Amino acid sequence: MNMRTRINKARRLVVKIGSALVTNNGAGLDHEALDGWARQIAILRQEGREIALVSSGAIAEGMQRLGWKKRPSEMHRLQAAAAVGQMGLIEAYEKTFSRHHLATAQILLTHDDLSDRQRYLNARSTLIELLELGAIPIINENDTVVTDEIKFGDNDTLGALVANLIEADALIILTDQKGLYTADPRRDSTASLIEEGSATDTRFEAMAGGAASGISKGGMLTKVLAAQRAARGGAHTCIAGGHEPDVLLRLIRGEVVGTLLHASSSRLAARKQWLANHLQLAGTLVIDAGATKALHEGRSLLPVGMLEVKGDFRRGEAVACVNEAGEEIARGLVNYGASECRRILCKPSTDIESILGYVDTPEVIHRDNLVVRQAR
């Protein structure tokens, strides 16, 4: 399959727009450009695609509103600029998307939100619900509260983390360059645009140049590293010029625009591999013969099939599913903690709400979050 065709088939997208684009290199919010991207996103939404937007620009917009010509280095001044600028940034997005009859939602994240299990799952649930409702999440790092220890460092990284969080099919990074070149085109006239390659090709790191401007925090290297991170979740990454006419639509149509760094495995395969090889198990669920058969048939684990709960795990942690002989049948991410699992043991899913007082999902482990061992 042509790699550009895979982008055409993408249903869930993360679009990241850099601060130099959003603020016209610090001159102020570029409302004409914002409306152009919103128009394209509205067309993609009409096609049934789900789009989350990761936008830089709060600090740059705050600097402009405060009359600062140079980006400060002090954390408290950066946080103050972000607080001032975020107001204008989100207001501009709300107005431009409303003209295309799209609701928007503001999401501010820190690294802690994606490293803590509960907050990770809550962020994921909220974002997916917003996408299913047809809203456009506008996501930014919560610069008003971050410190050196918890900040993402750049919104390219944040874009990749969001792509993994919501299991996006593709990450589109819009920048003020046309894409990734063999060398920095601002310093080397012989540099040529790389149209396509593997996200795991480490040679691209050496080709990436520095920051695009004094307003942007990241550079091409952060975009290459973001593509590597997104690829681990199975998402392809496109790096393209944000001012290219109809850039989003042309990318989705399969046109050769910018640089495509493709993932080596599909999203589902990558997620299954992550589940199988990169998680420590926090507990064990002993399941009956009926549940064992259901898992081998590709179905989810329901509470009625659980016989015993071992360990003290929390929602979102990885557990093993074993049969009564102690043989591991599968492993996956649980939707309920150990104490809750014990209370709904052997019960039908319809009883979950009456027992716990709420129902998250009818499955203890959804099939998408399960890796099943081959039957012997």
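Owing to the predicted nature of the structure, the values given are computational and were not obtained by experimental measurement.
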Which distance, rounded to the nearest 0.5 Å, do you find between the CG of Leu251 and the CG of Leu174? 7.5 Å
Within the 4.5 Å heavy-atom criterion, are Glu340 and Val334 side-chain neighbours or not? no
For the side chain of Ser354 and the backbone of Asp351, is there at least one donor-acceptor N/O pair under 3.5 Å apart? yes
Asn335 and Thr361: side-chain hydrogen bond (donor to acceptor under 3.5 Å, both in side chains), yes or no, with the steps? CA-CA 7 Å; Asn335 293 323; Thr361 66; 3.0 Å; yes
Assigning hydrophobic clusters by single linkage (Ile, Leu, Val, Met, Phe, Trp, Tyr; side-chain heavy-atom cutoff under 4.5 Å), is Leu261 placed with Tyr181? no
Is it the case that atom CD in Glu47 sees more than 12 heavy atoms from other parts of the structure closer than 6.0 Å? yes
Side chains of Asp35 and Thr96: donor-acceptor distance under 3.5 Å anywhere? yes
State whether a side-chain donor-acceptor pair under 3.5 Å links Ser55 with Asn140. no
Can you see whether Ser125 engages Asn122 through a side-chain donor-acceptor pair at a distance of less than 3.5 angstrom? no
Spell out, as yes or no, whether a donor-acceptor pair under 3.5 Å connects the side chain of Ser300 to the backbone of Arg367. yes
Let me see the working for Glu255 and Arg253 under salt bridge (Lys or Arg N to Asp or Glu O under 4.0 Å), right down to the final yes or no. CA-CA 6 Å; Glu255 187 174 330; Arg253 302 294 179 262; over 6 Å; no
Ser56 side chain to Asn155 side chain, donor-acceptor N/O pair below 3.5 angstrom: yes
Test item: side-chain donor near acceptor, Gln86 and Gln106, under 3.5 Å: yes
pair Leu301-Glu363: side-chain heavy atoms closer than 4.5 Å: no
Begin from the C-alpha positions of Arg11 and Asp169 and carry the test salt bridge (Lys or Arg N to Asp or Glu O under 4.0 Å) through to its verdict. CA-CA 7 Å; Arg11 177 178 173 270; Asp169 302 301; over 6 Å; no
Side-chain donor-acceptor contact under 3.5 Å, Thr5 with Asn8: no
Decide side-chain hydrogen bond (donor to acceptor under 3.5 Å, both in side chains) for Asp201 and Ser198; before the verdict, give the C-alpha distance in whole Å, the side-chain angles of both, and the deciding distance to 0.1 Å. CA-CA 5 Å; Asp201 190 339; Ser198 171; over 6 Å; no
Thr110 and Arg119, any side-chain heavy atoms less than 4.5 Å apart: yes
Val322 and Leu285, any side-chain heavy atoms less than 4.5 Å apart: no
Measuring only between side-chain heavy atoms, which start at C-beta, is Ser349 closer than 4.5 Å to Pro303? yes
Below 4.5 Å, heavy atoms only, C-beta onward: do Asn323 and Val286 meet side chain to side chain? no
How about His76: does its NE2 atom have over 12 heavy atoms from other parts shown lying under 6.0 Å from it? yes
If you apply the rule salt bridge (Lys or Arg N to Asp or Glu O under 4.0 Å), what do you find for Glu167 with Arg232, and how did you get there? CA-CA 11 Å; Glu167 297 181 350; Arg232 288 197 287 270; over 6 Å; no
How are the rings of Tyr336 and Tyr358 set to each other: parallel, tilted or perpendicular (split at 30° and 60°)? tilted
Note: Ile138 and Tyr93 closest approach over all heavy atoms is CG2-CD1, 3.8 Å
Look only at the side chain of Glu244 and the backbone of Ala240, and say whether a donor-acceptor pair between them is shorter than 3.5 Å. no
Do the side chains of Leu225 and Thr157 get nearer than 4.5 Å, heavy atoms only? no
Does any non-hydrogen side-chain atom of Val319 lie less than 4.5 Å from one of Ile365? yes
Check whether Arg45 reaches the backbone of Arg49 with its side chain - one donor and one acceptor, N or O, closer than 3.5 Å. yes
Over all atoms of both residues, closest heavy-atom pair of Glu297 and Arg299: OE1-NH1, 2.6 Å
